[in-house]
Amino acid sequence: MEKIKLGISSCLMGEKVRYDGGHRLDPFLKETLGQYMEYVPVCPEVECGLPIPRESMHLEGNPESPRLVTSFTKREITKQMIKWAKKRVIELEKEDLCGFIFKSNSPSSSMERVRVYNEQGMPIKKGVGMFARILMEHFPLLPVEDEVRLHDPQLRENFIERIFSLKRWRETLSKKESRGNLVDFHTRHKLLILSHSPKHYQRMGNLIAHAKDLPLKELYLRYQTLLMESLRLKTTPKKNANVLQHMMGYFKQELSPDEKKEVLEVIDHYRQGYIPLIVPITLIKHYARKYDQPYLKQQVYLNPHPLELQLRNHV
Ligand code: SF4
């Protein structure tokens, strides 16, 4: 797979663009995840024309449509930022981004919980960074996260799984549109979707079953929306355990009673939080190969992202 294009707040890449001339390098994002990504760095404050260093700024007023104001001289930057941001998101359409990683706690770049000050100077943490809001409104299905949330192993796995899935989806889009290509993508992603949302799994199954009733464009659009919606929902040990048991059904007849007992025990230990997901996955993969189950072997669920990222190694 070629590298995945991902937008990112420039300071997280180590660029010295912050108001104080510093950066906020995130080594995991740059070095580890960076092996698989082609980053497109964006610094809203510098790109909209502000210098380095500069006065710090914050949001004021209504959290839904706040003003961006410098902290001491109270200079308003709102119009300048909005004008630039609206142009920048149109430029970003050409980049074919599969996601965006924002810097937390920034009045320009954060995706949530930014302080917005009321008239009395009291902050409430309900704001969205001015550029982040415009970007998320422009690309509503794009996977987005911030670097602090990505320290949470579950959120990290979910985000990375979504960007790899979106990349595979874009590869399907780059081929000729056809019901066959869509069915092929869906078949490979079925169990991944099931691990996120049994409801979406059913709805997408129905959509595919009635694929002939819809014009291709509409079919692809509906599928894409359901796909990104489903993957946004978190997997849980219970949902994963259901998928693993479902997979075991494919080679149940071939297993000895003792092997069957072992698989069920491993799945249950995972469900109870004693062992990480990678353990039952490895066992199921082993049997899928041993008993040559083509449907299971092609499931993206068994390999949704590079093993080296160790995203399924936590309990
Ligand atoms: S948080 Fe955003 S605006 Fe601030 S320095 Fe980083 S990229 Fe630039």
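Values below: all heavy atoms of this structure, side chains included; hydrogens, waters and symmetry mates excluded. Both ligands and their constituent atoms are indexed starting at 1 by order of listing.
- Applying side chain to side chain contact (heavy atoms under 4.5 Å, CB included) to R162 and the options P143, C98, P304 leaves one that passes, P143.
- Using modelled atom types and a 3.5 Å distance limit, the side chains of S71 and S56 yield a donor-acceptor pair.
- A distance-only check finds no donor-acceptor pair linking the side chain of S197 to the backbone of I193 [under 3.5 Å].
- Protein residues with a heavy atom closer than 4.0 Å to ligand 1 are S9, S10, C11, V17, R18, V42, C43, P44, E45, R54, K103, S106, S109, listed by chain and number.
- Ring to ring, W169 and Y220 are close: their centroids are under 6.0 angstrom apart.
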Side chains of residues 113-123: which donor-acceptor partners sit under 3.5 Å, not counting sequence neighbours?
residue, atom, partner, partner atom, Å
N118, OD1, Q120, N, 3.0
N118, OD1, G121, N, 3.1
N118, OD1, M122, N, 2.8

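- Looking at H189 and Q299, their side chains never bring a donor and an acceptor atom within 3.5 Å of each other.
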